2 protein chains.
Amino acid sequence: MAEQVETLRRTPLSRDRVLRAAVALADEAGIESLSMRKLAQELGVVPMALYKHVANKDELLDGMIDVVVGEIDPPVAGGGWKRVLRRRILSARQALLRHPWAPIAIESRNQATPAILGYLNSMVGTLRDEGGFSTDLAHHVMHAMGSRILGFSQELFDDSRRAGRSGPADPEPPVGFPAEAAAAFPHLAAIAGAASHDDASVVGPGCDDQFEFEFALDLLLDGIERLRQQGWTSV
Amino acid sequence: MAEQVETLRRTPLSRDRVLRAAVALADEAGIESLSMRKLAQELGVVPMALYKHVANKDELLDGMIDVVVGEIDPPVAGGGWKRVLRRRILSARQALLRHPWAPIAIESRNQATPAILGYLNSMVGTLRDEGGFSTDLAHHVMHAMGSRILGFSQELFDDSRRAGRSGPADPEPPVGFPAEAAAAFPHLAAIAGAASHDDASVVGPGCDDQFEFEFALDLLLDGIERLRQQGWTSV
DNA sequence: AAGGTAGGTGTACGGCGTACACCTGTCAAT
DNA sequence: ATTGACAGGTGTACGCCGTACACCTACCTT
């Protein structure tokens, strides 16, 4: 009877439930501490039970990626190719910001998942249909945008990707620039906003990632528009 | 006596020897199959011996990254900031092409290594000194270039990163586009060069990665030059 | 001769992904 | 009502991983 209660209380596993739990776990604990065993425990189930719903861990990761890609808004038509692309890319960025582990996960897999292919495909479609791009130019544009088209550019300084940021009310840790490094890398220190007054102890405000992302995005989009307008044919 | 021979025959370990062996192992077997145990075996030594030269596996990876970064040619002055940057970035690209595991390794670490900081620092220095960039614009430029500044842009289709390409005389596997996917992703299929004649069985030649890389690089550099010339101040 | 030290060794532990055999409840066909 | 297939959760076990810790040994300094 007690068994019956238990049987009733927990909704049965499903691929979807497994994937969503995995995404949640990676969101809060970081991708590197996501294991089949911890995931199973989270779901109140024995590790091997997961294998009835995903073939192996790699397939689990693929599924997780597809969950994230599925959160990207569909394209909103109107306003020209640049506006459509820009909007959608910023939507993709928001999705990936909610799942800081996703960039590395995506980059580490060596085959694009069907969901990613679908997303890329529709991006090319926008270029072709809304912008009148040649297949060739569209091709190069996709490469030029690189991962930016998926809403992220890997920031070398970014440490928010591997684990949940230590706590909800993290009081803005001084990510500016360690004082002793400022001497060795003066140009970087200047950029980081460390105004080297008497002592190299002042710390800048870090970067406005959103601004930087849009700066680069628009730089690319504008350059591409210029190519398109002059009827790009060859290099 | 036999022991003496053995002692003499094998050069003693050193941090440098460990790092170089690790790089070689990752080059030929893929980063995901690089383990402390295999590395030790390769060096004819017991696993724990490595820990006298590197603190742990993460530090080993950092060291490996620095080996790769160390292979990037120093900047060659002359011809204006764009030329200097372009040359050096293409040199970085060559270094990373020799070590396909490096991009993921670099992106997966959450702190830039000193060697990478030094490289970035000298890049900013080129912008400032040779191009007369403001600190602000130099900052945004660095973000805009993203990982391209390190010689790579993560290609979603690229499968050469995780392991040694199966063999030296690999006869150009048909990476074009699986015929059944062509139907689902027509735009991508068109781009892949799969001329969909009667049957969707034709396969294109893939991408010229070097061309794509330089296309995007020049697109960015030209856009940046335009900003610089018009005396960029704010967005 | 004494003793410190750098560097290689051996053992062991806990965590990982997952193969494989097993059990159990449900449902369709007999 | 009986059967048997089958979907889905279980338990055990294996080999791999990173690495803590105690040890040994050769060499260098004094």
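Quick caveat, the model's predicted, so the values are computed rather than measured. The sequence lines fix the lettering, A, B, ..., with proteins before strands; numbering per chain opens at 1.
Looking only at side-chain heavy atoms (C-beta outward), A:E59 and A:N56 come within less than 4.5 Å of each other. B:H143 places a side-chain heavy atom less than 4.5 Å from the side chain of B:H139.
Listed candidates were D:dG9, C:dT9, D:dG18. Nearest to the side chain of B:R37 is D:dG18. Among the nucleotides C:dG7, C:dG17, D:dG9, the one closest to the side chain of A:S35 is C:dG17. For B:M48, the side-chain atoms get nearest to C:dT11 when compared with the rest of C:dT11, D:dG18, D:dG9.
In this structure, NZ of B:K52 is placed 10 Å from C1' of D:dC21, rounded to the nearest angstrom. Here the P atom of nucleotide D:dG11 and the CE atom of A:M36 are 17 Å apart, to the nearest Å. Separating the CD atom of A:Q41 from the C1' atom of D:dT10 is a distance of 16 Å, rounded to the nearest angstrom. Between A:N56 atom CG and C:dC16 atom P the separation is 17 Å, expressed in whole Å. Distance CD1 (B:I31) to P (D:dG18): 11 Å, rounded to an integer number of Å. Atom CZ in A:R17 sits about 13 Å away from atom C1' in D:dG9, given to the nearest Å. Whole-Å rounding puts the A:Y51 OH to C:dC22 C1' distance at 18 Å. Rounded to whole angstrom, the span from the CG atom of A:L60 across to the P atom of C:dT18 amounts to 10 Å.
With hydrogens and angles left out, the side chain of B:K57 and the base of D:dG18 share no donor-acceptor pair within 3.5 Å.
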Query raised in the report: Which is it for B:M64 and B:I31 under the side-chain contact (heavy atoms from CB on, under 4.5 Å) test, yes or no, and what are the steps along the way?
Result: CA-CA 11 Å; B:M64 292 169 65; B:I31 190 76; 4.1 Å; yes

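Side-chain nitrogen and oxygen atoms of A:H53 include at least one within less than 4.0 Å of the OP1 or OP2 phosphate oxygen of D:dG9.
No hydrogens or angles considered: a donor-acceptor pair under 3.5 Å links the side chains of B:R88 and B:S122.
In terms of position along DNA chain C, the nucleotide closest to B:S14 lies nearer the 5' end than the nucleotide closest to the other residue of the pair B:S14 and A:L34.
Nearest heavy atom pair, residue B:R15 against residue B:V54, reads NH1-CG1, 3.7 Å.
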